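What follows is one structure encoded as C-alpha cells, with my remarks underneath.
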Amino acid sequence: MTTSAGTVRQEATSPASQLVDATVWNAARRFPTGVSVVTTGSGDTAHGSTVSAFFFVSHDPALVGVCLARGGSLLPRIARHRAYTVNVLARDQSAVARHFASRIKQSGPAQFRSVAWTPGESGVPRLEGAVSWLHCRTRDFIEAGDHVIVLGAVTASAVTRDKTPLLYFAGHLHSGHIRIEEDTP
C-alpha cells in the first residue's frame, strides 16, 4: 500500500503484536492531545501519573475514561481506591507534567511535596493551577490490549475559564496557542 506521502507500508501478515509498527506510532504522535495528571488515593496512599489518553465518553450520565498501561503504578491504585481525579494541565504546567511522568518519582505524600495541591473529594489530590479537574467514581475497567480503559462517573468538577491547556504533540509538550472562545456559560 502506498500512502499520500509516498511511503510504502506493508500489510501485516504476521502475528498481531507486529501490527503496531513505526507507521502506526508516527500517526499516533501526530494527534495532538491535552495533558492530564490523574490522581488517586489520599494521605499515605496518594499517587499521580501523567496521562495523554483521557477522553469524554458520555454527557448523560457524565462519564470519562482514561487509558492506563497494565504494568503501570496508577492502575492498581485506582482499582483499590475506586476513585480518581483528572487534572487537565494548563500551558504553564509542563514541569508538573514531567514530574508526574517520571518513572522514578516518589510515591505517597512525598510525590506531592513540590507541587501545589489541595485535597479534593475522598481526599484525592487536586492540582492547583489546572485548566479543569473532574473527580470520578470508578465505574468499569475495560480490557484494551496492553492497556485498560478506566471508565469513571464524574461526581464533581470545575473549570478555570481563562487558562489555556498544555498540549502533547509529536513527542513534545507544547504551551498551545489556542484562542479561547466561550460559547456556553
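This is a predicted model, so every value here is computed, not measured.
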Hey, does [Y] have a side-chain heavy atom less than 4.5 Å from the side chain of [X]?
X      : Y      : answer
Val38  : Phe54  : no
Leu127 : Val96  : yes
Val148 : Ile142 : no
Arg98  : Ser94  : yes
Val37  : Leu89  : yes
His135 : Val154 : no
Trp133 : Val88  : no
Leu75  : His147 : no

Please report the interatomic distance [atom1]([X]) to [atom2]([Y]), rounded to the nearest 0.5 Å.
X      : Y      : atom1 : atom2 : value
Glu121 : Thr155 : CD    : OG1   : 6.0 Å
Thr39  : Phe100 : OG1   : CZ    : 8.0 Å
Leu63  : Leu134 : CG    : CG    : 11.5 Å
Arg77  : Leu68  : CZ    : CG    : 12.0 Å
Gln93  : Glu128 : CD    : CD    : 10.0 Å

Report the C-alpha distance between Val86 and Val66 in whole Å, list the side-chain angles of each, state the deciding distance to 0.1 Å, and finish with yes or no for side-chain contact (heavy atoms from CB on, under 4.5 Å). CA-CA 9 Å; Val86 178; Val66 293; 4.1 Å; yes

Specify the closest pair of heavy atoms between Gly129 and Ala90, including all atoms of both residues, with the distance to one decimal. O-CB, 3.4 Å

Contact summary for Ser122 and Arg137, nearest pair of heavy atoms: OG-NH2, 2.7 Å

Do [X] and [Y] share a hydrophobic cluster, counting only Ile, Leu, Val, Met, Phe, Trp and Tyr and linking them when any side-chain heavy atoms are less than 4.5 Å apart?
X      : Y     : value
Phe141 : Val64 : yes
Tyr84  : Phe55 : no
Val131 : Val51 : yes

Thr40 and Arg82 side chains, donor-acceptor separation under 3.5 Å: no

With distance as the sole criterion, is a donor-acceptor pair present between the side chains of His47 and Ser73 under 3.5 Å? yes

So, does Thr160 use its side chain to make a donor-acceptor pair with the main chain of Lys163 at under 3.5 Å? no

N/O donor-acceptor pair under 3.5 Å between Ser102 side chain and His99 backbone: no

In terms of heavy-atom contacts, does CZ of Arg139 have more than 12 from other residues, nucleotides or ligands at under 6.0 Å? no

With sequence neighbours excluded, what pairs up with Ala46 under the side-chain contact (heavy atoms from CB on, under 4.5 Å) test? Phe112, Pro125

Tell me every residue that passes side-chain contact (heavy atoms from CB on, under 4.5 Å) with Asp146, counting only those two or more places apart in sequence or in another chain. none

With side-chain contact (heavy atoms from CB on, under 4.5 Å) as the criterion, how do His81 and Val124 come out once you've worked through the C-alpha distance, each side chain's angles and the decisive distance to 0.1 Å? CA-CA 9 Å; His81 197 67; Val124 176; 3.6 Å; yes

